[in-house]
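To keep things clear, I will list the structure first and then write my remarks on it.
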There are 2 protein chains.
Amino acid sequence: MNCKPSRTEEHKKDLMAVQDSMDALQGKWKISIISSICYYNKRRFSDILNDVIGISNKMLSKELKELEINKLIKRTVLNTQPVTVQYELTQHGKSLQTIINNLKDWGIKHRQEILTNNADIFIDVKTKDALVENS
Amino acid sequence: MNCKPSRTEEHKKDLMAVQDSMDALQGKWKISIISSICYYNKRRFSDILNDVIGISNKMLSKELKELEINKLIKRTVLNTQPVTVQYELTQHGKSLQTIINNLKDWGIKHRQEILTNNADIFIDVKTKDALVENS
DNA sequence: CCGTATCCCCGGGGATACTG
DNA sequence: CAGTATCCCCGGGGATACGG
């Protein structure tokens with residue numbers, strides 16, 4: 001991305017590509033879910049439900065559906081009794097590794113950056129609120 | 001990120017780092033805003049309002065505030081009449097280039113992936129709905 | 001010019017209960 | 001076991017108007 005205003009036609013495409021990536025990864029749990037599946041290679045619904053702390057079955061179902069539509073994971077219904085469903089990363093899903101790694105590295109640098117030179121202020125990265133400390 | 005379930009303590013940190021990055025970049029307009037400022041090096045409020053198509057002043061104000069809190073941009077009030085305000089990327093903000101580039105590249109691959117082998121189905125990447133074509 | 005304030009709508013996302 | 005269905009709340013985000 002060569003830093004152009006979004007009005008220039010070619011740059012609009014770059015911007016859209018970035019947004020497409022963000023959309024695919026957005027959602028509170030997507031990265032955690034990908035991570036869980038990736039580690040175990042193949043993973044069942046209830047297992048992921050256990051791996052990802054705090055997620056509800058509704059959310060898991062929804063996020064998995066989106067990941068599948070985006071071809072990041074593959075869903076397989078197994079012939080067991082009762083039915084079990086297996087999820088695994090597609091090749092395309094695995095290609096996310098680089099990005100996720102970059103995001104992790106930058107995130108660590110970011111946290112340091114935010115925490116440095118802020119002795120008098122406490123920044124809550126999550127809520128993005130800057131709160132003055134009680135003296 | 002070495003693909004571990006989020007319950008393992010060290011991996012939670014990795015996950016959090018990724019989330020921190022996502023949080024900093026999330027918001028409908030952040031990337032577009034960063035892109036605009038980056039291109040012009042220094043850019044005023046009303047100019048960005050013009051560069052980023054469709055954004056409202058309220059949203060621009062809010063997103064700029066968040067970017068500033070996250071130390072990605074620097075805000076300077078100029079001594080003009082009436083007052084003008086200048087925004088520029090910090091060093092930390094510029095360090096996003098790599099990530100944004102990766103996101104762009106992956107986004108392009110992603111779009112191709114989604115569009116391939118889907119002659120009978122139309123995928124709306126934005127809404128994530130898979131719509132069967134009218135025959 | 002650079003924002004805030006207000007109103008309002010819609011969708012993300014939690015809790016819980018129910019089905020094949 | 002693997003999801004749906006329902007209810008409900010809250011915050012993102014648009015439109016518009018106002019203030020320094």
Side-chain angles (χ1 to χ4, degrees), chain A residues 6 15 19 22-33 36-37 40 42-70 73-88 124-130, chain B residues 6 15 19 22-33 36-37 40 42-70 73-88 124-130:
Chain A
S6 59
L15 238 30
Q19 272 311 128
M22 292 297 286
D23 288 347
L25 294 179
Q26 242 150 32
K28 197 171 173 182
W29 311 98
K30 292 237 167 60
I31 311 244
S32 301
I33 294 170
S36 162
I37 298 177
Y40 290 104
K42 296 169 193 286
R43 201 70 174 148
R44 289 177 313 143
F45 188 90
S46 54
D47 294 330
I48 304 173
L49 204 53
N50 253 281
D51 294 337
V52 181
I53 306 159
I55 196 173
S56 67
N57 52 354
K58 183 184 104 177
M59 271 301 109
L60 180 54
S61 174
K62 196 186 125 206
E63 301 270 63
L64 284 170
K65 210 177 291 175
E66 292 175 4
L67 289 172
E68 198 192 354
I69 288 178
N70 280 317
I73 61 173
K74 181 163 159 301
R75 193 184 105 111
T76 316
V77 179
L78 299 180
N79 250 340
T80 52
Q81 187 52 272
V83 169
T84 57
V85 181
Q86 200 171 66
Y87 294 91
E88 55 195 310
D124 186 335
V125 178
K126 287 296 178 193
T127 63
K128 288 154 191 153
D129 287 330
Chain B
S6 59
L15 238 30
Q19 273 312 127
M22 292 297 285
D23 288 347
L25 295 179
Q26 242 152 31
K28 198 172 173 182
W29 312 98
K30 291 237 168 58
I31 310 247
S32 301
I33 294 170
S36 162
I37 298 178
Y40 290 104
K42 296 170 193 287
R43 200 70 174 150
R44 288 177 313 143
F45 188 89
S46 55
D47 295 329
I48 304 174
L49 204 55
N50 253 281
D51 294 337
V52 181
I53 306 161
I55 196 173
S56 66
N57 53 353
K58 183 183 104 176
M59 270 302 109
L60 179 54
S61 173
K62 195 187 125 206
E63 301 270 63
L64 283 171
K65 210 179 290 175
E66 291 176 4
L67 289 172
E68 198 193 354
I69 288 178
N70 279 317
I73 61 174
K74 181 164 160 298
R75 193 183 105 112
T76 316
V77 180
L78 299 182
N79 250 340
T80 52
Q81 187 51 271
V83 169
T84 57
V85 182
Q86 201 171 67
Y87 294 92
E88 55 194 310
D124 185 335
V125 178
K126 287 297 177 192
T127 64
K128 287 154 194 152
D129 287 330

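Proteins get letters first, then strands, A, B, ... in listed order; numbering begins at 1 in each.
The nearest whole Å value for the distance from the CE atom in B/Met59 to the P atom in D/dT16 is 15 Å. One can place CG of A/Leu49 at 10 Å from C1' of D/dG3, the figure rounded to the nearest angstrom.
Across residues 75-87 of chain A, A/Arg75, A/Pro82, A/Val83, A/Thr84, A/Val85, A/Tyr87 each have a non-hydrogen atom less than 4.0 Å from an atom of DNA chain D (numbered order).
Every salt bridge (charged side-chain N to carboxylate O under 4.0 Å, His left out) that A/Glu88 has, sequence neighbours left out, goes to A/Lys42, A/Lys74. Taking the salt bridge (charged side-chain N to carboxylate O under 4.0 Å, His left out) definition, one finds that A/Arg43 meets it with A/Asp47, A/Asp51, sequence neighbours left out. Taking the side chain to side chain contact (heavy atoms under 4.5 Å, CB included) definition, one finds that A/Lys58 meets it with A/Ser56, sequence neighbours left out.
B/Ile73 is not listed as a side-chain neighbour of B/Ile33, based on a closest heavy-atom distance of 4.5 Å or more. Under the 4.5 Å side-chain criterion, counting only non-hydrogen atoms from C-beta, A/Leu64 is not in contact with A/Arg75. You'll find the side chain of B/Glu66 reaches within 4.5 Å of the side chain of B/Glu63, heavy atoms only.
Note that NZ of B/Lys62 is 7.0 Å distant from NZ of B/Lys30, once rounded to the nearest 0.5 Å. Of the inter-residue distances, the one linking B/Leu60 atom CG with B/Leu49 atom CG reads 5.5 Å to the nearest 0.5 angstrom. Between the CD1 atom in A/Ile48 and the CD1 atom in A/Ile37 there is a gap of 4.0 Å [rounded to 0.5 Å].
Note on the helix from C/dC1-D/dG20 to C/dG20-D/dC1: terminal axis deviation equals 40°, with five pairs used at each end and the result rounded to 10°.
Among the protein residues, A/Lys28 comes within range of the sugar-phosphate backbone only, with heavy atoms under 4.0 Å from sugar or phosphate atoms but none that close to a base.
With hydrogens and angles disregarded, no donor-acceptor distance shorter than 3.5 Å links the side chain of A/Lys65 to the backbone of A/Ser61.
Nucleotides of DNA chain C with any atom under 4.0 Å from a heavy atom of chain B span, from 5' to 3', C/dC1 to C/dT6.
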